[in-house]
Visitor: 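Quick one: the structure is below, questions incoming.
Reminder, nothing fancy here: chain letters follow the sequence lines and each chain counts from 1.
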Amino acid sequence: MNLNIPPIAIYALRRLFQAIPVIILIMIGTFLLLKLAPGDTVDALVGDMGGADAAFIARLRAEYGLDQPIWVQLWRYMAKLATFDLGQSFVYEQPVTTVLLDRLGTTLLLMATSLSLAFSIGIVLGAFAARRAYSLTDNLISTLGLIFYATPSFFLSLMMMLLFSVKLGWLPVGGIKTIAGFYTGWDHVVDVARHLVMPTAALSLIYLSFYLRLMRSSVIQVADQDFVRTARAKGAGETRLMVHHIMRNALLPAVTLFGLQFSALLGGSVVVETIFTLPGLGQLAYQSVIQRDMNTLMGIIFLCSIIVILVNFLTDLLYARLDSRIELT
Amino acid sequence: MKQKLLNVGVAWLALNAALMPGTATAQDVKKGGTAVIHMISEQRTLNPALRASTGVYNISGKIVEPLIDKSYDGFEPVLATEWTGSDDGLTITLKLRENVRWHDGEAFECDDVAFTAIEMWKKLLNYSSSLQANLESVDCTDPHTAVFNYSKPMPLDLFVSAMPDLGHPMPKHLYEGTDILSNKYNTAPVGTGPFKFVEYERGQYVLAEKNDDYWREGFPYLDRIVWRFIKDKSAAAAALEAGEIHESGFNGVSMADVVRLAEDDRFDVGTQGYENNVAHSTVEFNHRNPILADLKVRQAMYHGLDIDYAIDTVMRGFAAPGRGPIPKAGAANYTDDVTTYEYDVELAKQMLDEAGYPVKDDGFRFKLRHRPAPWGEYTQLWGEYYAQSMREIGIDVEILANDAPGFLNGVYRDYDFDTANGWHQFRSDPAVSTTVWLRSGQAPGTPWTNQFGWQSDVMDAAIDTAASELDPIKRAEMYHAIQRQEMDELPVIFAIEHPFISITSKKLKNHHNTPRWNSSSWYDLWLDD
């Protein structure tokens, strides 16, 4: 029987079925790990409030279902998750789904702009440096890359803040928009963009150095291969050589890194989002750990595992596109 | 004869008022503008009748008003205009302010007070539920008279001093018949205050705007208040310097920045306005450890602490030595006539020798596992200083780093510590949250209570009698006795008392002009922009 399903769809379907047990394992593992941390959200809340009496504490634990044994809590959580119900956030007193969707946009915007900036500029600079390997230009670019690579993101963020906000007064210190500015239309877009300049710069400068260094070594390596020599012998110009023969092959490791970093960036944005008080997922994750907000934390991890699996899938597709020797099986 | 209110510590408060910067006269007040205030942590609820916490008051104190507030001249009528107690202490009668409307237009009446008192203050509000445990009912003899009936005597001065924090009425018509804890108005409060709630963007800000229908004629001055959540203290300092926020309270920036900004003439930096928000940095003992159960050891440890040095280095001078469980802010209930323990390393060593703990081959007498509270810079540094000075007198202190839930569990539930250093916040009257540190029989796992395994019948009896003593003078004497016993027997060392610190832009006028300013309504705050 021929159902005429394109092979790519079969591949996607198989990946999907493989993903389900992975996600379930991640969720159970995380749940148990989080339960190993001392104290729960009620302790964190009571700590914030500066104290409460015993009856108040007991009532709150019962309200959140934290008075039940751990396996009951786990069962209840997984049963709800099976219906895509992520539960109620303890801290925000809203459904976790609402809280996550509120935050996802900011993080995606930040991630997408920083990563694409880092990826494109990093690759161009890396290739450029590689073509002039060991020259003054190369040294300059490589040194700059090393400096950005070695600078902790919180330090870079604070220094930018000091220069551009405190000393020069050009850019706002933090937040996503001017509160009580009541901007609409293009004014709003410009306002948000102004708020995102420093966080995006801080995040992308650090990641840029990864791509730069990786691309530089990768291009140097590929440029030495036989097929490049052959192409050159056949009379290919330098530009054609670079774009068609070297870059395409040298890109593979950079794409792998892109896929890996897309997931790591969720973590990397914790520091930047916290310092610039951007209402994103990173900041939410940090707060949720501190506040032991189990449901929100589990929700973030659920969302992140889905994103990671999705990005891995897309990376694999891209591999096949870049290097036809790789088959999707 | 009715029991009259005694304005405790009026003289002391008046002294503070005299030292205040000149308050602006009516003609130079500018109306309008938006004040932007720094908040460190996100708030789960904005209902002050469900959660007694300065973080909640800092926002909702502008939206929801208490019955009584505290000014530098004593207790100030807000929604209650008069208060009297019966001779037997079993009833307290409040006259309520007339012609006050909730932000949704409904009239504020006695029903609201009665409903909130029974359903929230008595049942749900932390600290209030033990304070109001004997509250039987609240009768409304007319729409503007509320009679609180108690089954055991309730001292009027205790009731009144608790009201600024634990006495916020909420609108009955929005809460009745609903599940109070999940009511949507808990995060979008409707009050009678000078500012109306507009929106709460999680992780970003809370916005409130001017209430045009406010009962104080001609107030408030500001158009809007924005509270911005900035978790990172360095970023908050940068926002202050860039002029994006006008005030950061409750030690919202690091001490290094406090000292730096104190030099900057664009800011007022100091502890004024926190006279009612005083906390102790403590050393807590686990008396289940036989070494620490020995009074002589605890006294020796106190002698080994250079309190003045800690005040200068950790709190940068914004603090004073503690004199037992009640701070100076306790006014009449406070005494400094107690045993004190001078810094004397030699004496401390000698006392430890006498107690039977000589220095062993490894250079130490014994080892203690110490849990420092993670409540920010003060507690972390004070914990490190404590460990360091104990080593000088031959006690090896191992620090167990932990986050907030880890600390609270380790100390107050699992008793997995020898010593801990934490934070005791004083709340207007010792009966509200102080004596629970010394009274035995606290439910296990309750933070900031006597979970130390220390018990004294004399102390327990004194605490119980003082809580229902109606005569303020006798009551004050009882608290002095409690303080003296505590300083003699040292169940806990209340080492240093400190108010919080605010950094305020000089553009804000009339700021920090009450002893609980960050929690108050800011009706007279204005912005000179």
Visitor: Where does B:Arg202 contact chain A at under 4.5 Å (heavy atoms): side chain, backbone, both or neither?
Guide: both

Visitor: With a 4.5 angstrom heavy-atom cut-off, is it the side chain or the backbone of A:Leu168 that approaches chain B, or both, or neither?
Guide: neither

Visitor: Given heavy-atom pairs under 4.5 angstrom as the criterion, report whether the side chain, backbone, both or neither of A:Thr41 touches chain B.
Guide: both

Visitor: Do B:Tyr200 and B:Glu42 get their side chains close enough for a donor-acceptor pair, meaning under 3.5 Å?
Guide: yes

Visitor: If only side-chain N and O atoms count, and only distance matters, is there a donor-acceptor pair under 3.5 Å linking B:Asn186 with B:Thr45?
Guide: no

Visitor: Can you say whether A:Gln291 sits under 4.5 Å from chain B via the side chain, the backbone, both, or neither, judging by heavy atoms?
Guide: both

Visitor: Contact part of B:Ser130 toward chain A, heavy-atom cut-off under 4.5 Å: side chain, backbone, both or neither?
Guide: both

Visitor: Against chain A, label B:Trp423 side chain, backbone, both or neither, depending on which of its atoms sit under 4.5 Å from a heavy atom there.
Guide: neither

Visitor: Please classify the contact between B:Leu207 and chain A as side chain, backbone, both or neither, with a heavy-atom cut-off of under 4.5 Å.
Guide: side chain

Visitor: Distance alone, cut at 3.5 Å: any donor-acceptor contact between the side chains of B:Asn409 and A:Asp43?
Guide: yes

Visitor: Looking only at heavy atoms and a cut-off of under 4.5 Å, which of B:Ala238, B:Ala404, B:Gly410, B:Ala279 has the most pairs with chain A?
Guide: B:Ala238

Visitor: Name the region of A:Tyr286, side chain, backbone, both or neither, that has any atom closer than 4.5 Å to a heavy atom of chain B.
Guide: side chain

Visitor: Do B:Asn47 and B:Tyr185 have side-chain N/O donor and acceptor atoms under 3.5 Å apart?
Guide: no

Visitor: Centres of the B:Phe500 and B:Tyr378 rings: under 6.0 Å?
Guide: no

Visitor: Does NZ in A:Lys167 sit with more than 12 non-hydrogen atoms of other residues, nucleotides or ligands closer than 6.0 Å?
Guide: no

Visitor: With a 4.5 angstrom heavy-atom cut-off, is it the side chain or the backbone of B:Leu181 that approaches chain A, or both, or neither?
Guide: both

Visitor: Counting only heavy atoms not in A:Tyr149, do more than 12 sit closer than 6.0 Å to its OH atom?
Guide: no

Visitor: Heavy-atom count check: over 12 atoms from other residues, nucleotides or ligands less than 6.0 Å from B:Phe250 CZ?
Guide: yes

Visitor: Please identify, among B:Arg228, B:Glu209, B:Glu241, the residue contributing the most non-hydrogen atom pairs under 4.5 Å to chain A.
Guide: B:Arg228

Visitor: Between B:Leu408 and chain A, with a heavy-atom cut-off of 4.5 Å, which part of the residue counts as in contact: side chain, backbone, both or neither?
Guide: side chain

Visitor: With only heavy atoms counted, which part of A:Leu158 is less than 4.5 Å from chain B, the side chain, the backbone, both or neither?
Guide: side chain

Visitor: Should the ring pair B:Tyr412 and B:Trp448 be called parallel, tilted or perpendicular, given that the plane angle runs from 0 to 90° and is split at 30 and 60?
Guide: tilted

Visitor: Looking at chain A, which one of B:Lys123, B:Gln442, B:Gln204 has the largest number of heavy-atom pairs inside 4.5 Å, strictly under?
Guide: B:Gln204

Visitor: Tell me, out of B:Ala237, B:Gly203, B:Gly55, B:Ser433, who's got the most heavy-atom pairs with chain A below 4.5 Å.
Guide: B:Gly203

